[in-house]
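Chain A is the first sequence line, chain B the second, and so forth, proteins listed ahead of strands; every chain is numbered from 1.
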Amino acid sequence: MSIVEVRGLSKRYDPPKGVLAVDDASFSIERGEIFSLLGPNGAGKSTTIAMLSCLLRPSHGDALVDSHSIIDDPQAVKSVIGVVPQEIAVYPDMTARENLVFWGRMYGLSGAELQTRVGEVLELVSLADRQKDRVDKFSGGMKRRLNVGVALLHRPSILYLDEPTVGIDPQSRRSILDGILALRDQGMTVLYTTHYMAEAQELSDRIGIIDHGRMIALGTHAELVRIVGQEARVDLTVDHMLEGMVERWKELPGVSSASVEDEHAELLVDDANAVLPRLFEEAAEGGSRITSVNVSEPNLELVFLHLTGRALRE
Amino acid sequence: MTKVWAIAWKDLRSTARNVPALAMMLVAPLVLAGLLGFAFGGGDSFDIAATKVALANEDTPPAMTAGGAAAGGAAAGAEAPPPASDAFVGILTSESLNDVLDVTKVKDAAAARARVDGGDAAVAVVVPRDFTAALYGSGDARSAVELYVNPTQQFGTAITESIVGQALLDFNGARAAAAVAAATAGPNAGSAAAQAAAAAFVQGGGAGEALTFTSRAPRTTGGESDDVPMVGLVLAGMMVFFMFFGASEVATTILTEAQDGTLPRMLTTPTSAATILSGKFMSVFLTVIAQLVVLLAAGVALFGVDWGRPVVVAVLSVATAVVATGLALMIMGVVKTPGQAGAIGSGVYVVLALLGGNFTGTVTPSSAYATVQGLTPNGPLLRAWDAAMRGGSLGEIASYLLVPLAFATVFFVVAGRRLGRRYA
Ligand SMILES: Nc1ncnc2c1ncn2[C@@H]1O[C@H](COP(=O)(O)OP(=O)(O)O)[C@@H](O)[C@H]1O
Ligand SMILES: [Mg+2]
């Protein structure tokens with residue numbers, strides 16, 4: 001059952017002539033999945049999140065979050081969502097604990113429940129030992145973790161994360177991604193936005209590719225790469241090319257094409273893992289050695305290139 | 001409502017941790033009021049540490065001269081006059097100057113100077129050997145009291161100089177009076193009469209009646225009337241002026257929070273824009289109330305200001321805080337960035353202060369300037385504080401509150417509309 005149902009959502013800033021930031025988006029997010037919006041800067045990811053957070057009124061369309069309309073019942077929507085903004089939005093002159101207590105109150109928690117929940121979240125984001133330190137003394141990664149923790153205080157049904165890993169060191173990025181996967185494993189639904197193809201691929205159960213406000217493709221990673229074909233490309237180099245070897249490779253099951261130029265060969269295969277051992281065998285039988293192999297699996301980068309004619313990363 | 005308090009509490013705590021803001025809100029008005037109040041003559045309310053003085057009395061009254069003895073004989077059985085320096089020392093050590101001068105007597109000039117050099121005293125006062133001789137002696141006798149000062153202690157030095165100068169002026173005056181009396185009485189009686197007059201004066205002075213300092217200190221004047229200390233009026237002006245800035249400091253957090261993303265984040269929680277703005281109103285209002293309470297208390301503790309009847313002070317405090325809060329919130333509704341708020345806010349506050357008389361005090365009623373003052377949100381508030389300090393009742397200050405509260409209403413309506421539209 002879907003927890004989010006987006007129906008024909010559009011947003012034009014400063015109408016009638018302003019940017020059409022989101023153009024007739026429709027998709028749904030299932031309970032317990034990580035759904036990513038993947039797209040370059042300016043694609044309309046933050047605008048979509050802002051509308052689904054009831055911060056921005058859509059120009060057209062509507063969305064149901066946990067069956068509450070973002071237009072008709074924003075307060076109900078806000079009580080089931082946890083929003084992690086792109087910029088760190090906590091108070092630097094307050095301690096981690098003071099921040100969580102304040103934000104907990106904003107989510108309507110109080111008394112013993114608030115204190116308990118603050119303690120739990122501090123453990124969850126591994127800041128319990130630093131809870132009495134002011135946030136302006138924290139490292140970037142610690143601030144990011146607190147930024148996520150705030151959104152978890154009221155046990156939301158769905159967590160929105162807008163590019164939470166931009167501009168942080170690899171270690172902190174790793175810990176945030178692991179944290180998101182752990183939350184998903186505990187049953188949390190996550191709406192995640194990113195312009196990093198690898199993050200979307202690693203995290204997501206399903207991915208929506210968005211460009212210029214339009215959802216141009218949507219599906220699992222496997223479904224999306226099928227758009228550009230299922231084949232992997234194998235580039236290899238041999239110490240000397242044998243007479244007729246390319247022809248024999250071509251006849252192997254799972255190889256759809258092979259071409260050769262001097263000591264280099266390029267093959268398209270449907271399953272590199274199955275084909276590679278046979279290629280080595282064929283070469284060895286003829287007394288030739290394969291000196292280098294490179295396998296390119298189809299990826300979202302190629303999908304984006306295929307769909308837009310542009311690279312995902314400028 | 002708990003959310004409103006949560007926001008207000010958070011902002012109050014932030015302000016309490018913001019040292020520059022506290023300095024602006026609390027220290028600046030007190031320092032300015034102290035300096036200006038003192039400059040305008042409210043100094044007698046000042047609570048300053050007494051200046052440490054080392055006093056060496058080297059005065060050696062001469063034995064009665066031949067002429068003096070003859071005159072003494074003429075002065076029908078009068079005792080030999082006491083040394084004049086006793087009276088001088090008596091003045092400096094009199095009880096009425098205890099709060100101002102902390103005098104230690106030492107045995108000689110060298111010891112006195114040594115105390116200054118050693119930092120144990122700000123000023124050394126040395127009464128010279130010929131002090132009495134010069135006072136009682138013939139017309140051209142001269143003697144100088146020596147002041148040896150620590151140049152870094154300007155304030156203490158100035159106080160001591162003025163007290164010593166005043167005392168010496170009195171001695172000289174007495175001496176001149178005696179000389180006149182002598183000239184009038186004729187050559188024979190002259191010397192004896194002069195000596196008697198001077199001696200009588202010295203005895204009186206020594207008894208601490210004719211020469212007390214306080215009776216000669218410049219009187220505090222409020223210009224118009226009554227005994228409202230100038231420092232109170234100045235502090236009221238500064239207090240209202242800096243409350244506007246204090247209100248602005250906190251109200252600006254609406255814009256900085258919008259920029260830093262914490263305000264949008266609040267709007268993603270189940271908290272309405274109206275609640276958030278109410279929280280901000282509460283933050284600003286409570287901050288300026290706290291600022292005002294501290295300044296009122298400091299006025300009492302440091303300057304001995306009597307603000308007036310408690311109920312009047314309470315009503316006036318709330319009215320002043322409401323005006324400051326409304327104005328600050330309206331400015332936030334009109335400008336877009338914290339930078340603009342700082343620049344435009346400061347401009348507005350300074351202009352209002354100049355028009356309303358925060359720096360100049362209230363002026364003669366019925367003058368054109370008084371009319372202008374009366375039409376600012378702050379001018380009538382200042383008059384109300386003035387009236388409160390003169391013991392005015394609630395009824396007497398009520399009319400002063402009409403214009404400020406009308407302004408405040410407009411401020412809140414504009415602020416509510418503009419901020420509501422922007423964030424809701
Ligand atoms: N407040 C705004 N006013 C006008 N245009 C905006 C505003 N915010 C974003 N845009 C424009 O809308 C488009 C989508 O922006 P955004 O949703 O922030 O993209 P993303 O988050 O994918 O980088 C961009 O062209 C951006 O310039
Ligand atoms: Mg964005």
Open item on the list: Less than 4.5 Å to any heavy atom of chain A: does that hold for the side chain of B/Ile7, its backbone, both, or neither?
Closed with: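 Both parts, backbone and side chain.
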Chain A and chain B: which donor-acceptor pairs fall below 3.5 Å?
unit_1   : atom_1 : unit_2   : atom_2 : d
A/Lys78  : NZ     : B/Leu267 : O      : 2.8
A/Val83  : O      : B/Arg265 : NH2    : 3.2
A/Ala89  : O      : B/Arg265 : NH1    : 3.2
A/Tyr91  : OH     : B/Glu257 : OE1    : 2.5
A/Asp93  : O      : B/Arg17  : NH1    : 2.8
A/Asp93  : OD2    : B/Ser14  : OG     : 2.9
A/Glu98  : OE1    : B/Arg17  : NH1    : 2.9
A/Glu98  : OE1    : B/Arg17  : NH2    : 3.3
A/Glu98  : OE2    : B/Arg17  : NH2    : 2.7
A/Met106 : O      : B/Lys3   : NZ     : 3.2
A/Met106 : O      : B/Thr271 : OG1    : 3.0
A/Asn147 : O      : B/Arg265 : NH1    : 3.4
A/Asn147 : O      : B/Arg265 : NH2    : 2.7
A/Asn147 : OD1    : B/Arg265 : NH1    : 2.6

Task: Set of side chain to side chain donor-acceptor pair (under 3.5 Å) partners for A/Arg12, sequence neighbours left out - done: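 In terms of side chain to side chain donor-acceptor pair (under 3.5 Å), with neighbours along the sequence ignored, A/Arg12 is linked to no residue.
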Task: Heavy-atom pair count under 4.5 Å with chain A, highest-scoring of B/Pro264, B/Pro270, B/Gly261 - done: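 Going by pairs under 4.5 Å, I would pick B/Pro270.
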[X] versus chain B, the contacting section by heavy-atom distance below 4.5 Å:
X	result
A/Val90	both
A/Val150	both
A/Ala151	both

